[in-house]
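Count residues from 1 along the sequence. Each ligand, and each atom within it, is numbered from 1 in the order the structure gives.
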Amino acid sequence: MSTEKGQSQGQWRLISEVIKKGICVKCGACVGLCPYFSYYDGQVVVTDRCNAETWRCVQICPRIPYDKESLYGLIHGEPQGKDPIGPYLKVIAARSTDPEIRQRAQYGGVVTALLVHALELGLIDSAVLTDKGNGLAPRGVLCGDREAIVRCSGSRYTASGALEQLNVALNQGKGKLAFVGLPCQMEALARMEASEPDGKERAEHVAFRLGLFCTWALDYRSLREYLKAKGISGKPKRFDIPPPPSEVFVLEMEGERKEYPLSELREMVQEGCKLCEDMTAEFADISVGTLEGEEGWNTVVVRTKRGMDLFERVLGNGALEQKQIPKANLEHLKDAANNKRLRAQQANEERDNG
Ligand SMILES: Cc1cc2nc3c(=O)[nH]c(=O)nc-3n(C[C@H](O)[C@H](O)[C@H](O)COP(=O)(O)OP(=O)(O)OC[C@H]3O[C@@H](n4cnc5c(N)ncnc54)[C@H](O)[C@@H]3O)c2cc1C
């Protein structure tokens, strides 16, 4: 393997196998871990050659192939049989009982409610979330109070590199943290826990991993150009992709609502997302998505014991309400997850075969 002079094989692999191939998903896992990667306006950029031989960036990058079975074992214990949505203890419908959270959240506000109450119960000191981007791409932000957490609610449909902020918080010894992220980010976090030489020690500070369902994320700069071409210049208040069969991308501005064909947006999907097999954030403690057909509710997949403890405590406090998820919804979720996996497996095979 030939590297540029003075460059470690690890960094060289990440650059040649991921960044140069255009399949980086901008999860941010390598940024802040290695000082020679940086995140700027929706892109991971290499600032200098790294000569460390630790290979930490390669160990945690979700676009570098990995033994997933060992990761399942690490996060979920003994394998419990294959399910299209990964291992779980329960799947339930839920929403926040707080009117302010419900009004500002993407759907039922379960993510925001869990974070706010984890903070109030002293289970975490702060949470690493995704901000709304101030003229630039959204990015990670450390939130230490209710107001900051609520300010981050809602979905940005582009990647945010938020694991950078988690790395920074871990480097600074910021205490017990929660992290909210996409399936790629949950995988990177699980891989961090398994990584040498200090991953386990770093991961111990992450008290909760809250994963978001995700079919794909858009390339930030392409989306910005697209919206500019459509004459959108202000800061959108809210984005949404309503469930099928709507096939639209919704943008809410001050006093107006715009809709764009989803087919046009799909052109901007990050290449790396097409290789991702995970729709429901299988390495999270709790994964959250929409509840199709029931506005203002979430589908919640509780996967780990610590996830269950958190969910039950917040439910017990009256900050969440829950109800059974309709059987048809669960079946549809499993089909959608399975389809994403099959599409990605095919895309990965095509790539392997050149
Ligand atoms: C790119 C993307 C694709 C998605 N695709 C699907 C899908 O196909 N099906 C589905 O059911 N749900 C999908 N979701 C999840 C959905 O939009 C909601 O985030 C989820 O249902 C939680 O709802 P909530 O009301 O509890 O969220 P809220 O309480 O509003 O909390 C949302 C949280 O998401 C975080 N967040 C926002 N944008 C990002 C981002 N880009 N990266 C990381 N974290 C972010 C915020 O920090 C906030 O804490 C997607 C989300 C994103 C960001």
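Results of the ring pair (Phe, Tyr, Trp, His ring centres under 6.0 Å) test with Y260 over Y226, Y157, F239 single out Y226 as the only residue that passes.
Those atoms of ligand 1 with a heavy atom of W216 less than 4.0 angstrom away are 1 (C), 3 (C). Every atom of ligand 1 with a heavy atom of L129 under 4.0 Å away is listed here by number and element: 47 (O), 49 (O). Heavy-atom contacts of S153 reach the following atoms of ligand 1: 30 (O) (cutoff under 4.0 Å). Per-residue contacts place G108 under 4.0 angstrom from the following atoms of ligand 1 (heavy atoms of the residue considered): 25 (O). For ligand 1, the atoms sitting less than 4.0 Å from at least one non-hydrogen atom of V110 are 26 (O), numbered in the order shown with element in parentheses.
Counting heavy atoms closer than 4.0 Å to ligand 1, residue T215 contributes atoms from both its backbone and its side chain. With a heavy-atom cut-off of 4.0 Å, T130 touches ligand 1 through backbone and side chain alike. Of the heavy atoms in T158, only backbone atoms (N, CA, C, O) come closer than 4.0 Å to ligand 1.
Protein heavy atom closest to atom 18 (C) of ligand 1, with residue, atom name and distance, is S155 OG, 3.5 Å. Among all non-hydrogen protein atoms, the one lying nearest atom 20 (C) of ligand 1 is V288 O, 3.7 Å. Counting protein heavy atoms only, atom 46 (C) of ligand 1 is closest to C152 O, 3.3 Å. Scanning the protein heavy atoms around atom 11 (O) of ligand 1, the nearest turns out to be T290 N, 2.9 Å. When hydrogens are left out, the protein atom nearest atom 40 (C) of ligand 1 is R156 O, 3.7 Å; that is the closest non-hydrogen contact. Looking only at protein heavy atoms, the nearest one to atom 23 (O) of ligand 1 is N298 ND2, 3.2 Å. Nearest protein neighbour of atom 35 (C) of ligand 1, counting heavy atoms only, is V180 CG1, 3.9 Å. For atom 50 (C) of ligand 1, the closest non-hydrogen atom on the protein side is F213 O, 3.0 Å.
With contacts defined as side-chain heavy-atom distances shorter than 4.5 Å, the pair V180/V111 qualifies. Counting only heavy atoms from C-beta outward, the side chains of W297 and K323 approach each other to under 4.5 Å. Looking at L275 and E350, their side chains never come closer than 4.5 Å, going by heavy atoms from C-beta outward. Inter-residue side-chain proximity for I286 and F311 is flagged as met; some heavy-atom pair is nearer than 4.5 Å. Looking at heavy atoms from C-beta onward, V46 lies out of side-chain contact with D48 at the 4.5 angstrom threshold. Looking at T130 and R139, their side chains never come closer than 4.5 Å, going by heavy atoms from C-beta outward.
Between G154 and ligand 1 there is a heavy-atom distance shorter than 4.0 Å. Put simply, part of G109 is less than 4.0 Å from ligand 1, judged by heavy atoms.
Where the criterion is an N or O separation shorter than 3.5 Å, residue side chain and backbone included, L182 fails it with respect to ligand 1. In terms of polar-atom proximity, defined here as any N/O pair under 3.5 Å, A105 makes no such contact with ligand 1.
Selection from L212, L333, V111, L218 by nearest heavy atom to atom 34 (O) of ligand 1 gives L212. Closest heavy-atom approach to atom 1 (C) of ligand 1 within the set Y157, Y107, F239: this belongs to Y157. Of the listed options I101, L115, T112, T112 places a heavy atom closest to atom 31 (O) of ligand 1.
Considering CG of L218 and CZ of R224, their distance stands at 13.5 Å, rounded to 0.5 Å. Taking CG of L291 as the reference point, atom CD1 of I325 lies at 5.5 Å (rounded to 0.5 Å).
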Distance-only donor-acceptor pairs under 3.5 Å for side chains of residues 203-217, two or more places apart:
{"unit_1": "R209", "atom_1": "NE", "unit_2": "D285", "atom_2": "OD2", "d": "3.4"}
{"unit_1": "R209", "atom_1": "NH1", "unit_2": "E193", "atom_2": "OE1", "d": "3.3"}
{"unit_1": "R209", "atom_1": "NH2", "unit_2": "D285", "atom_2": "OD1", "d": "2.8"}

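Listed by chain and residue number, nothing satisfies the salt bridge (Lys or Arg N to Asp or Glu O under 4.0 Å) test with K235 (two or more places apart in sequence, or in another chain).
Note on V168: it does not cluster hydrophobically with L163, by side-chain heavy-atom contacts below 4.5 Å among ILVMFWY residues.
Side chain to side chain, Q59 and Y66 fail the donor-acceptor criterion of an N or O pair below 3.5 Å. No hydrogens or angles considered: nothing links the side chains of K340 and Q345 as a donor-acceptor pair under 3.5 Å.
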